[in-house]
Structures are given as C-alpha cells and as structure tokens.
Amino acid sequence: MALAFLAGCTPSKLPTLEATVEEVPFLGQQLTQEQIAEWRDKVARHRAAIEARHATEKVECYQRFFVNRCLAESRTSYRLEESVLRKQDLELNRQERLLKEIDRQLRIQQNAQDAAAAAAALTVPPVAAPAASAPPR
C-alpha cells in the first residue's frame, strides 16, 4: 500500500540532455547564416506560442478545483517543450560558432597569403645592369 502511494509521488521523467533528430531536425547538417537566422525566427515564434499557451493554461487552472495539480501538469508540459527549443538553440549556437571559426581560419589564411605576396614583392632581385662595353679610347 505504501509503495503505491510513493509511486504516485515520484516526479515525472526529466528530458534527456542529448538532442535527437526528432527534436532538432537540422542536427548533423551544416547550415548557412541565412538558414540559422530562419531557424532562430522559427524557434522564437514557437517559444512565444508555448509561453502564451502556458499563460492561458495557468489562468484556466485557477478556475478548477485542483489548482496545484493543474499548474504542475501545465508546468511539466511547458518545460518539456521548452527543453526541445533549448536543444535547438544550443545546436544553432554550435553551428554559428563553427561558421565563425571557418571565417576566422579563412581570414588567417588570406592574411598569410597576402603577407607572403608582399614579402615576395620586396625581395625581387634587382635587374642586372647591362654588361659594360669596352672602355672608350
């Protein structure tokens, strides 16, 4: 009997920290800056929608008899959806850092090529003077 009571009191399962393809559709793909911006807009719109829904659910919960239980269920569903959005944000941040690193490496490579070209231009051997002709008599 006590075990049945305790089983009902255990917290719900927490979301995993690992992102899956179902949660993050662009996982494993390399996105461009434009695609990252589009996904950020989608995530922001989805986040605003779930926050609005959560706010209306809270208002509805106060109309019920079991207010605390309703609020807990609403909070749990909100947290689950928010965790998916957080995983998407993290992946977008990772991809953005990767693009910045690629840009940085390209700039370093270009600067090295420019410096090598400038050094080569400075070390061009002087043009040899024409051979002196016989001295005048």
Side-chain angles (χ1 to χ4, degrees):
M1 184 70 169
L3 288 176
F5 175 74
L6 289 177
C9 294
T10 58
S12 61
K13 184 179 177 187
L14 296 175
T16 61
L17 297 177
E18 300 281 330
T20 63
V21 178
E22 292 81 27
E23 295 172 329
V24 184
F26 50 87
L27 188 66
Q29 301 173 8
Q30 181 56 51
L31 301 177
T32 63
Q33 287 288 355
E34 293 82 23
Q35 291 171 324
I36 290 173
E38 289 172 12
W39 273 104
R40 285 202 189 280
D41 288 341
K42 288 179 187 178
V43 169
R45 285 192 307 270
H46 192 227
R47 181 171 280 124
I50 66 168
E51 287 174 356
R53 189 186 57 200
H54 180 63
T56 58
E57 286 176 356
K58 282 174 51 176
V59 170
E60 291 172 1
C61 285
Y62 286 110
Q63 305 303 318
R64 296 185 180 176
F65 183 73
F66 295 106
V67 175
N68 289 337
R69 182 175 179 173
C70 179
L71 289 173
E73 289 171 356
S74 176
R75 196 172 25 251
T76 300
S77 68
Y78 172 78
R79 286 181 181 159
L80 288 173
E81 290 183 63
E82 178 62 29
S83 72
V84 170
L85 295 177
R86 179 71 182 141
K87 290 175 187 178
Q88 290 176 358
D89 277 338
L90 291 173
E91 179 62 20
L92 289 171
N93 292 343
R94 187 192 68 78
Q95 293 220 6
E96 198 166 43
R97 283 192 309 273
L98 182 64
L99 285 177
K100 285 181 182 179
E101 180 60 22
I102 290 170
D103 287 344
R104 188 180 78 80
Q105 292 294 331
L106 289 174
R107 278 195 318 274
I108 289 171
Q109 189 177 32
Q110 184 63 41
N111 289 344
Q113 289 174 354
D114 291 346
L122 292 176
T123 59
V124 172
V127 178
S133 56
R137 292 188 191 184

Are the side chain of [X] and the backbone N or O of [Y] linked by a donor-acceptor pair below 3.5 Å?
X	Y	value
E23	K87	no
Q95	Q29	yes
Q35	T32	yes
S74	C70	no

Spacing of [X] atom [atom1] and [Y] atom [atom2] [to the nearest 0.5 Å]:
X	Y	atom1	atom2	answer
L80	L85	CG	CG	11.5 Å
Q109	R107	CD	CZ	12.5 Å
H54	E57	NE2	CD	7.5 Å
I36	N93	CD1	CG	9.0 Å

With side chains defined as the heavy atoms from C-beta onward, is the minimum distance between [X] and [Y] less than 4.5 Å?
X	Y	result
V24	V84	no
H46	E81	yes
R53	Y78	no

Determine, stepwise, if the pair D89 / R47 fulfils salt bridge (Lys or Arg N to Asp or Glu O under 4.0 Å).
CA-CA 11 Å; D89 277 338; R47 181 171 280 124; 3.0 Å; yes

Over all heavy atoms of both residues, which pair between L71 and Y62 is shortest? Give the atoms and the distance, please.
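For L71 and Y62, the tightest heavy-atom pair comes out as CD1-OH, 3.7 Å.
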
All salt bridge (charged side-chain N to carboxylate O under 4.0 Å, His left out) counterparts of E96, not counting sequence neighbours
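Here the qualifying residues are R40.
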
Can you name the salt bridge (charged side-chain N to carboxylate O under 4.0 Å, His left out) partners of E101, sequence neighbours left out?
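E101 satisfies salt bridge (charged side-chain N to carboxylate O under 4.0 Å, His left out) with R104 only.
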
Please evaluate residues L99 and Q30 with respect to the criterion side chain to side chain contact (heavy atoms under 4.5 Å, CB included), reporting the C-alpha separation (whole Å), side-chain torsions for both, the decisive distance (0.1 Å), and the verdict.
CA-CA 9 Å; L99 285 177; Q30 181 56 51; 3.5 Å; yes

Show, in sequence, the C-alpha distance, side-chain angles and deciding distance for R69 and C61, and conclude whether the side chain to side chain contact (heavy atoms under 4.5 Å, CB included) test is met.
CA-CA 9 Å; R69 182 175 179 173; C61 285; over 6 Å; no

Identify whether L106 and L98 are in the same connected component of the hydrophobic contact network (ILVMFWY, side-chain heavy atoms under 4.5 Å).
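They do share one cluster, since a chain of ILVMFWY contacts under 4.5 Å joins L106 to L98.
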
With a 4.0 Å cut-off, would you call R94 and E91 a salt bridge?
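Answer for the salt bridge query: yes.
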
